[in-house]
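Read the numbers this way: they start at 1 and go in the same order the structure lists the ligands and their atoms.
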Amino acid sequence: MSTDETKTIAAETSAETSAAPAENQNRKQPFPKGFLETISTGWADRPEQLPSERAQAAYAAARRDAVSAAFPGQRLVVPAGSYKQRSNDTDYPFRAHSAFAHLTGWASDAVPDSVLVFEPVPGGGHDATLYLRERADRTTAEFYGDATIGEFWIGPRPALAGVASDLGVATAHIDDFEARPGDLVLDEDDDLTRFVSELRLVKDAYEIEQLRLAVEVTARGFDDIVADLPRIIATPRGERAVEGIFHHRARVEGNGEGYDTIAASGPHACYLHWTRNDGAVVPGDLILVDAGVEVDSLYTADITRTLPVSGTFTAVQRTIYETVREAADAAFAVAKPGVKFRAVHEAAMAVIAQRTAEWGLLPVTADEALDADTGGQHRRYMVHGTSHHLGIDVHDCAQARRDMYYDGLLEEGMVFTIEPGLYFQIDDLTVPEEFRGIGVRIEDDVLVTADGVENLSAAIPRTADEIEAWIARLSA
Ligand code: GLY
Ligand code: MN
């Protein structure tokens, strides 16, 4: 074979293995003849060790049964999703669609572009099949030449039989999947999308165990931050140091963060989703840290603590802090099965209205501020809701109907946040000068029990006194 022929083969090979239609060849080294003749040989057999079924498999099967019962006779398609381009030929880390993870039990280890299909069977019910791109044989160019999916590049990929055994579901190669007219496809079909979102409102035992784990790891991440406060203060962009310290814990013990960490020091705490995190952490200020570890099953915690950087609250900071805690405690006190989800928010907001009125911040009385039609003046200082469901998504069950969510009733097994706050912007002329630039949020994750709620994050210090003792203990 001439050199030219070799080049032709190399060009064909890379064109065939690339997902991009006209791949840039400016830094491709051609594979010479000797490489192509030898690359596919000399590899030991890989005996397939079939794993035993993972703990989540039985739970995922029960969830699929619920979906099957709700859509008789219909073919349902639940894609895992694909890579998302970050720039040029780099992608964001792949994360499976939450509903796909919920219905398969395949989470941080899911293969991109997989599809779960519910095939209706005569006589009722469905057969579920998980289609995935099985690893390519070592005789293929994909193996050595495809930087996105080739095992030479990204490491071992599972075989169909292994996935079937691990997840307890039938598997097939993605090339055998065909979309059909009439398919109900997740995210395209509103009824299916709503159903699988509402299916996650009440957590099963596996989910509750995973949420407990996510909170436990998150607690260790908060301990890491507190223990490292002296170094954080000494770092010019101390907020980034906070983000990085938490990230370390999230990656070492979990899949990562469930959402971008908010490390908001001083007046930044008044920006509810401050994720720029490029500020200094200055003694005398408060720092608000809102962070949650997503564990390998993809369940995430969502916790906020607000810390005095110097270790002790000033009198004004303590007053504001303890008022937020009073609002949170009021929310905890009403939460139990049979109560409306919105009642939890209303209990917290009643405290916020009462105290901001007492401080002379409102142009109306607390009762007037709480009027559903004409009030709301107190919400200037807390514009966000008090609670959201929590699970595989930080804002879980997002496609549930309002009747099932905000206006729905609490049920045993639901998990949600309680996270009131008070935020006095640095340039807010309606508040006394000493309030300006102070933002406080306290966020806990709770599980609805038979007669109330259990605070899953109770082990993380929460009162002003506990917070000061925590800092003294870990960072002194
Ligand atoms: N943790 C951010 C939020 O709940 O919006
Ligand atoms: Mn939250």
Side-chain angles (χ1 to χ4, degrees), residues 95 98 197 200-201 203 207 210-212 214-219 221-222 225 239 242-243 245-247 249-250 254-265 268-277 286-295 298-307 321 324-325 327-332 335 341-342 344-349 352 379 381-400 405-406 410 414-423 439-448 453-458 460 462:
R95 183 191 185 279
S98 296
S197 199
R200 283 157 49 195
L201 281 165
K203 271 57 183 176
E207 296 181 287
Q210 291 299 302
L211 283 160
R212 285 187 194 280
V215 170
E216 252 176 63
V217 181
T218 298
F222 273 86
I225 293 165
E239 292 175 346
V242 170
E243 178 187 317
I245 290 162
F246 192 79
H247 180 69
R249 179 65 68 174
N255 187 47
E257 295 92 337
Y259 54 95
D260 289 343
T261 294
I262 298 166
S265 193
H268 291 161
C270 302
Y271 305 124
L272 305 176
H273 282 177
W274 174 261
T275 53
R276 254 179 260 171
N277 300 348
L286 299 178
I287 178 166
L288 182 158
V289 182
D290 183 339
V293 172
E294 173 185 279
V295 289
L298 303 186
Y299 289 83
T300 189
D302 180 8
I303 309 283
T304 306
R305 289 294 183 264
T306 307
L307 315 166
Y321 187 92
V324 173
R325 185 166 71 87
D329 288 349
F332 272 92
F341 184 85
R342 63 183 300 161
V344 178
H345 175 60
E346 286 161 1
M349 292 316 283
I352 299 293
R379 293 196 53 196
Y381 311 111
M382 180 187 152
V383 299
H384 61 77
T386 303
S387 299
H388 56 78
H389 281 274
L390 184 69
I392 300 185
D393 283 312
V394 60
H395 298 158
D396 215 39
C397 314
Q399 286 80 29
Y405 199 130
Y406 192 62
L410 297 186
M414 287 180 167
V415 175
F416 59 87
T417 64
I418 292 182
E419 52 173 311
L422 273 172
Y423 313 89
V440 172
R441 178 162 64 253
I442 306 172
E443 178 173 26
D444 286 285
D445 301 339
V446 306
L447 165 68
V448 181
V453 288
E454 177 191 342
N455 183 1
L456 300 176
S457 40
I460 308 177
R462 190 168 164 275

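Protein heavy atom in closest approach to atom 5 (O) of ligand 1: His273 NE2, 2.8 Å. Protein heavy atom nearest atom 1 (N) of ligand 1, with residue, atom name and distance: Asp302 OD1, 2.9 Å. Nearest to atom 3 (C) of ligand 1 among the protein's heavy atoms is His395 NE2, 3.2 Å.
His268 and Trp274 have parallel rings, their planes meeting at less than 30° on a 0 to 90° scale where 60° marks the start of perpendicular. Between His395 and His273, the ring-plane angle classifies as parallel under the 30° and 60° cut-offs.
Shown in contact with His388 at under 4.0 Å from a heavy atom are these atoms of ligand 1, numbered in order with element: 4 (O). Within the listing of ligand 1, atoms 1 (N), 2 (C) sit less than 4.0 angstrom from a heavy atom of Asp290. Per-residue contacts place Tyr259 under 4.0 angstrom from the following atoms of ligand 1 (heavy atoms of the residue considered): 1 (N).
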Test log, rule side chain to side chain donor-acceptor pair (under 3.5 Å), inputs His384 and Glu419: CA-CA 9 Å; His384 61 77; Glu419 52 173 311; 4.9 Å; no

Derivation and outcome, side chain to side chain donor-acceptor pair (under 3.5 Å), residues Ser457 and Asp445: CA-CA 6 Å; Ser457 40; Asp445 301 339; 5.1 Å; no

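In terms of distance to the Mn ion (ligand 2), the nearest N, O or S atom of Glu419 is named OE2. When the Mn ion (ligand 2) is compared with the N/O/S atoms of Asp302, atom OD2 turns out nearest. Checked against the Mn ion (ligand 2), the N, O or S atom of Glu443 at the shortest distance is OE2.
With Asp290 as reference, Thr304 is the one residue of Thr275, Thr304, Thr306 to meet the side chain to side chain donor-acceptor pair (under 3.5 Å) rule.
Of the possible polar contacts, none joining the Glu207 side chain to the Gly391 backbone as a donor-acceptor pair under 3.5 Å is found. Although no hydrogens or angles enter the test, the distance criterion places a donor-acceptor pair under 3.5 Å between the side chain of Tyr259 and the main chain of Gly292. Not one N or O on the side chain of His389 forms a donor-acceptor pair closer than 3.5 Å with the backbone of Asp396.
Contacts between His384 and ligand 1 below 4.0 angstrom, taking non-hydrogen atoms only, are absent altogether.
Backbone or side-chain N, O or S atoms of His388 reach the Mn ion (ligand 2) at under 2.8 Å.
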